[in-house]
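Counting starts at 1 for both ligands and their atoms, in listed order.
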Amino acid sequence: MDPRRSLPSVDRVLRCLSGLPHALALDVAREAVEKARHQLGQGVEVSGEAVIEDARRRVGQVSRGLLQPVINATGVLLHTNLGRAPISAAALEAACKVGEGYSNLEFRLEEGARGSRRDHAGPALARACGAESALVVNNNAGAVLLVLAGLARGRQVVVSRGELVEIGGGFRIPDVMAESGARLVEVGTTNRTRARDYAAAVTPETALLLKVHPSNYRMIGFVEQARVDQLASLGAPVVVDAGSGLLDESTPWLSRRPTWLGDELGVRQCLEHGAALVTFSGDKLLGGPQAGVIAGRADLVEQLARHPLARALRPDKMTLAALEATVFAYLDGDAAQIPFWRLATVPLEELVARAGAIAAEVPGTEVVRTEAAAGGGSLPGLTIPSAGVAVGGLAATAPEMVAAAVLRELRGRRVVGRTEGGLAVLDLRSVEERSDRVLVEALASLPGRRD
Ligand SMILES: *Cc1c(COP(=O)(O)O)cnc(C)c1O
């Protein structure tokens, strides 16, 4: 008899699988049976059980790749790979309400006439940062592209050589400039650029002076960059790509300005110092959904809103709802409730106490002091004092489990940590207290433990 006849049917394998939509489970079952057939054809013995086991393993693999929540115990609060800012309950509720039914997205209820998407979130943002007007787009990379394409296509944009940066994910200022059709004019040197370098480069061909926040690195030593107020008088509009989206550097929504903010520029202050436009992300220090904001002079914002690219970059209704609710928290002086600010300002003693409670429950772990970071391309080089739990003792009970293996095991439980001093560490700065139980369970279930 053909040994292949003894293999379970695809249907039979399929009946043993759960957790995926039928069509995807069917693909998995077919792959597993196909592989077993192939192996039998080569004279390798395969049991029916092994085929089902293989299919289940494949389901696990597919499931783990699906978009799902994780616990961010890296201590990097705005971790781009982990979805940047968590969104506030109020913002989520607003997005849900607008998303589950119809809305007045582009409709004026009063007149029963067509309205504009721009009526949402933009005005609140403008109010919150002291701008004449604000336009919301899909993300800040889109905001920068729109500004350059809309205001400088075929003309010159002056940028300091110290600010020709790559933000990450391949977003490089010279490339975006080329893509927009604007012509880059480099001035100054890598470490020092003065206002007079810009002044010397301004011609009738100059469309904009662009300042780019060096969002993911910091230059120290013999360095100098021209300030916004020095550039504002040179004749061409000054655009600041602030990136991080700190609405106001005096953080009036917190009882005290955190020292780890360093000298981070606020959007409001850039505008006060004479920037014509400021662009920033919605999901960095603003603490909202993914979005890009262009705030500043009403005439320029209007011109950008009418550009064809604006249509291609327009934000979704749920984004606008969540963004507006996020900004309302700032307007209420209540932004301390926004998850980013709440997590970032939890007193260190609280984190130490929580780490102690976790470590007390899981033998072989210990409390460690750590340095967390805002991340997401903001506040480079500045750290937030933090505490966490290190999986040190485990190495002794299971020497084969080095830190990397511990972290891999934890990731299997959807907990993402980091290594520090050769140890696997779960940093509590980026963990909501309600998730501490999950950490305890994940740590307690690590293999190779002896209780
Ligand atoms: C983060 C950042 C960007 C890109 O913003 P996204 O919202 O991720 O598209 C651009 N410029 C600066 C300075 C940034 O910090």
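Residue-ligand proximity: V144 is placed with every non-hydrogen atom at 4.0 Å or more from ligand 1.
Looking at R84 against ligand 1, only its side chain comes within 4.0 Å, counting heavy atoms. Looking at Q290 against ligand 1, nothing comes within 4.0 Å, counting heavy atoms.
Remark: ligand 1 and D283 share no N or O pair separated by less than 3.5 Å (distance only, no angle test). Taking any N or O of K284, backbone or side chain, at least one lies under 3.5 Å from an N or O belonging to ligand 1. Not a single N or O atom of H213, backbone or side chain, sits closer than 3.5 Å to an N or O atom of ligand 1.
Between the side chains of D248 and Q269, at least one donor-acceptor pair of N or O atoms lies under 3.5 Å. A donor-acceptor pair shorter than 3.5 Å can be found between the side chains of E264 and S244. Q230 and H273 form no side-chain donor-acceptor contact under 3.5 Å, judged by distance and modelled atom types alone.
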Do any side-chain atoms of residues 253-262 form donor-acceptor pairs under 3.5 angstrom with protein atoms, and if so which ones, sequence neighbours left out?
residue: R257; atom: NE; partner: E249; partner atom: O; Å: 2.4
residue: R257; atom: NH1; partner: G262; partner atom: O; Å: 2.9
residue: R257; atom: NH2; partner: E249; partner atom: O; Å: 3.2

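The side-chain tip of R192 points at the ring of F222 from less than 6.0 angstrom away and within 45° of straight on.
Atoms of ligand 1 lying under 4.0 Å from any heavy atom of F171, numbered from 1 in the order shown and given with element: 10 (C). In summary, the atoms of ligand 1 found under 4.0 Å from a heavy atom of A141, numbered by their order in the structure, are 4 (C), 5 (O), 6 (P), 9 (O).
Contacts of T370 classified as side-chain contact (heavy atoms from CB on, under 4.5 Å), with partners at least two apart in sequence or in another chain: V368, S386, R418, E420, V425, D427.
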